[in-house]
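The structure under discussion appears below in the form of C-alpha cells.
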Amino acid sequence: MKIDIITLFPEMCESFLSESIIGRARKSGHIDIECHQLRDFAFDKHRRVDDTPYGGGMGMLMKAEPIALCFEDICKKNGTRPHLVYMSPKGQTLTQKKVKELAQYDNICILCGHYEGVDQRVLDEYVDEEISIGDYVLTGGELPALVLADSISRMKDGVLSDALCFEEESHYSGLLEYPQYTKPQVWHDKTVPEVLISGHHENVRKWRRLQSLLITKELRPDMYEKIELTKEDIKLLKNT
C-alpha cells in the first residue's frame with residue numbers, strides 16, 4: 001500500500017513515521033509512505049501557499065493552486081489517482097470501521113490543512129472525503145494525518161507480526177479489549193486472574209470474551225447497544 005502525505009512539515013511527519021513499528025515496516029517494504037512538501041509547488045520566491053480569505057475574517061487560507069499541483073504530481077508519479085482524504089474538524093469522525101475501509105485502498109493521499117483551512121474549490125474538485133480525529137481543533141493537520149496513517153498501516157500484511165495483534169483489540173470487533181496482565185504474577189498484593197494461568201485455552205477465550213462484553217457495557221453503552229449477542233454471550237452474561 002502507498003500512502004502520500006501533503007504537508008508543510010514533512011520533516012515532522014518523517015520523524016514519527018521513521019520510528020518503531022511503522023518505521024520498520026517502511027524499511028522492510030510492507031508499507032510505502034511518502035511525505036510531500038507543499039511549498040515546492042508554490043509560485044513566488046517566498047514559496048507562499050496561503051492568502052487572505054475573500055469576505056474578510058481572521059487568519060489565512062491555504063490556496064488551491066499549490067495543493068492541486070502537488071496532488072496532480074503525485075497522481076503522475078504513482079500512475080494512478082489516490083483516494084484523497086482531507087483531515088478536517090468538519091469531517092466524519094475516524095473509527096476503526098473507517099480505518100478497515102480505508103485499508104482496502106492501494107493508494108491513499110492525506111492532505112494536512114493549516115491556518116484557517118483550505119480553499120473550498122480544491123475540496124470540491126479533488127477531495128474524496130474529509131475525516132476528523134475528534135471534536136476539537138489543532139494547529140495543523142499533521143498529527144491527525146499521522147494518526148490516520150498509523151492506524152491504516154498497522155492493518156496491512158507484514159506490519160504487525162499477526163492479524164490477531166489488531167483483531168482482538170478495542171473497537172475492531174465492536175467491543176472494547178479485555179484486561180491483560182504480565183509478570184510478576186503478584187504485584188501490590190494484586191494477583192493475575194486464575195483462569196489466565198490455568199493453561200485451559202477455551203476457558204481463557206470465554207473469560208476474555210466475557211470481560212470485553214462487561215467492559216464495553218460499562219464504559220461504552222452506546223457501543224454495547226449495537227452488539228448482536230451470540231447464544232454463548234448470553235450464557236456467559238447470565239453466569240456473572
Side-chain angles (χ1 to χ4, degrees), residues 1-23 25-26 29-42 49-50 61-156 159 166 171:
M1 182 183 198
K2 175 75 182 297
I3 299 177
D4 291 283
I5 300 177
I6 300 175
T7 171
L8 294 175
F9 301 98
E11 296 84 2
M12 171 184 171
C13 296
E14 283 289 349
S15 65
F16 172 82
L17 296 168
S18 298
E19 299 293 334
S20 189
I21 293 173
I22 304 302
R26 292 177 73 189
H30 292 300
I31 190 80
D32 183 3
I33 304 178
E34 185 175 355
C35 301
H36 305 266
Q37 171 57 265
L38 181 60
R39 293 190 188 280
D40 290 344
F41 297 87
V49 297
D50 63 311
L61 201 64
M62 292 179 70
K63 300 169 69 173
E65 296 97 329
I67 297 172
L69 288 174
C70 183
F71 183 64
E72 289 169 1
D73 186 66
I74 291 170
C75 293
K76 183 178 179 180
K77 289 180 179 177
N78 292 353
T80 185
R81 184 193 185 283
H83 182 78
L84 182 56
V85 176
Y86 173 50
M87 306 309 297
S88 164
K90 296 188 295 183
Q92 173 187 350
T93 302
L94 183 64
T95 63
Q96 190 62 41
K97 181 180 178 181
K98 172 55 68 172
V99 171
K100 288 192 282 186
E101 176 186 318
L102 292 173
Q104 301 305 309
Y105 286 95
D106 293 325
N107 190 188
I108 287 177
C109 183
I110 307 172
L111 171 60
C112 304
H114 261 279
Y115 315 118
E116 293 303 307
V118 172
D119 189 303
Q120 183 63 41
R121 291 169 293 186
V122 78
L123 300 182
D124 293 339
E125 186 168 342
Y126 289 93
V127 170
D128 295 298
E129 60 180 314
E130 298 183 37
I131 292 179
S132 166
I133 61 168
D135 295 334
Y136 48 88
V137 179
L138 298 172
T139 54
E142 280 71 25
L143 289 177
L146 294 174
V147 167
L148 183 60
D150 185 286
S151 61
I152 293 173
S153 296
R154 65 194 305 276
M155 295 188 64
K156 304 306 294 182
V159 175
F166 57 77
H171 300 288

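Quick note: numbers below take in every heavy atom, side chains included, and nothing from hydrogens, waters or symmetry partners.
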Minimum side-chain heavy-atom gap Phe41-Asp73 below 4.5 Å: yes
Contact check, side chains of Ile67 and Leu111, non-hydrogen atoms, under 4.5 Å: yes
Asp106 CG: over 12 foreign heavy atoms closer than 6.0 Å: no
Inter-residue atom distance Ile3.CD1 - Ile108.CD1, 0.5 Å rounding: 6.0 Å
Shortest non-hydrogen contact from Val159 toward Ile21: O-CG2, 3.6 Å
With sequence neighbours excluded, residues passing ring-ring contact (aromatic ring centres under 6.0 Å, His included) with Tyr126: Phe71
Nearest-0.5 Å distance, CD1 of residue Ile6 to CE of residue Met62: 8.5 Å
Val118 vs Glu130 side-chain heavy atoms within contact, under 4.5 Å: no
Heavy-atom pair of closest approach, residues Ile5 and Ala149: CD1-CB, 4.5 Å
Audit row: Lys98, Ile131, side-chain contact (heavy atoms from CB on, under 4.5 Å) steps and yes/no: CA-CA 9 Å; Lys98 172 55 68 172; Ile131 292 179; 4.1 Å; yes
Residue pair Cys70 / Asp40, side-chain heavy-atom distance below 4.5 Å: no
Side-chain donor or acceptor of Ser20 paired with backbone N/O of Ile22 under 3.5 Å: no
Minimum side-chain heavy-atom gap Leu84-Glu129 below 4.5 Å: no
Passing option when Ser151 is tested against Leu102, Ile133, Leu146, Val99 for side chain to side chain contact (heavy atoms under 4.5 Å, CB included): Val99
Distance-only side-chain donor-acceptor flag, His114 / Asp50, under 3.5 Å: no
Rounded distance [0.5 Å steps], SG in Cys75 versus CZ in Arg81: 6.0 Å
Ile74 CD1 to Glu34 CD distance, which is reported to the nearest 0.5 Å: 7.5 Å
Backbone N/O of Asp150 and side chain of Ser153: donor-acceptor pair under 3.5 Å: no
Value rounded to 0.5 Å, distance of CD1 in Ile33 from SG in Cys13: 10.0 Å
Min side-chain heavy-atom separation Gln104-His83 under 4.5 Å: no
Arg121 backbone acceptor or donor facing Asp119 side chain under 3.5 Å: yes
Side chain to side chain, Leu8 and Gln37, heavy atoms closer than 4.5 Å: yes
Side-chain heavy-atom pair Asn107, Asp4 within 4.5 angstrom cut-off: yes
Approximate separation, where rounding is to 0.5 Å, of Met87 CE and Ser132 OG: 7.0 Å
Sequence neighbours excluded - ring pair (Phe, Tyr, Trp, His ring centres under 6.0 Å) pairs with any residue from residues 132-153: none
Closest non-hydrogen atom pair, Lys156 against Ala103: NZ-O, 2.7 Å
Inter- and intrachain pairs under salt bridge (Lys or Arg N to Asp or Glu O under 4.0 Å), touching residues 10-22, at least two apart: Glu14-Arg26
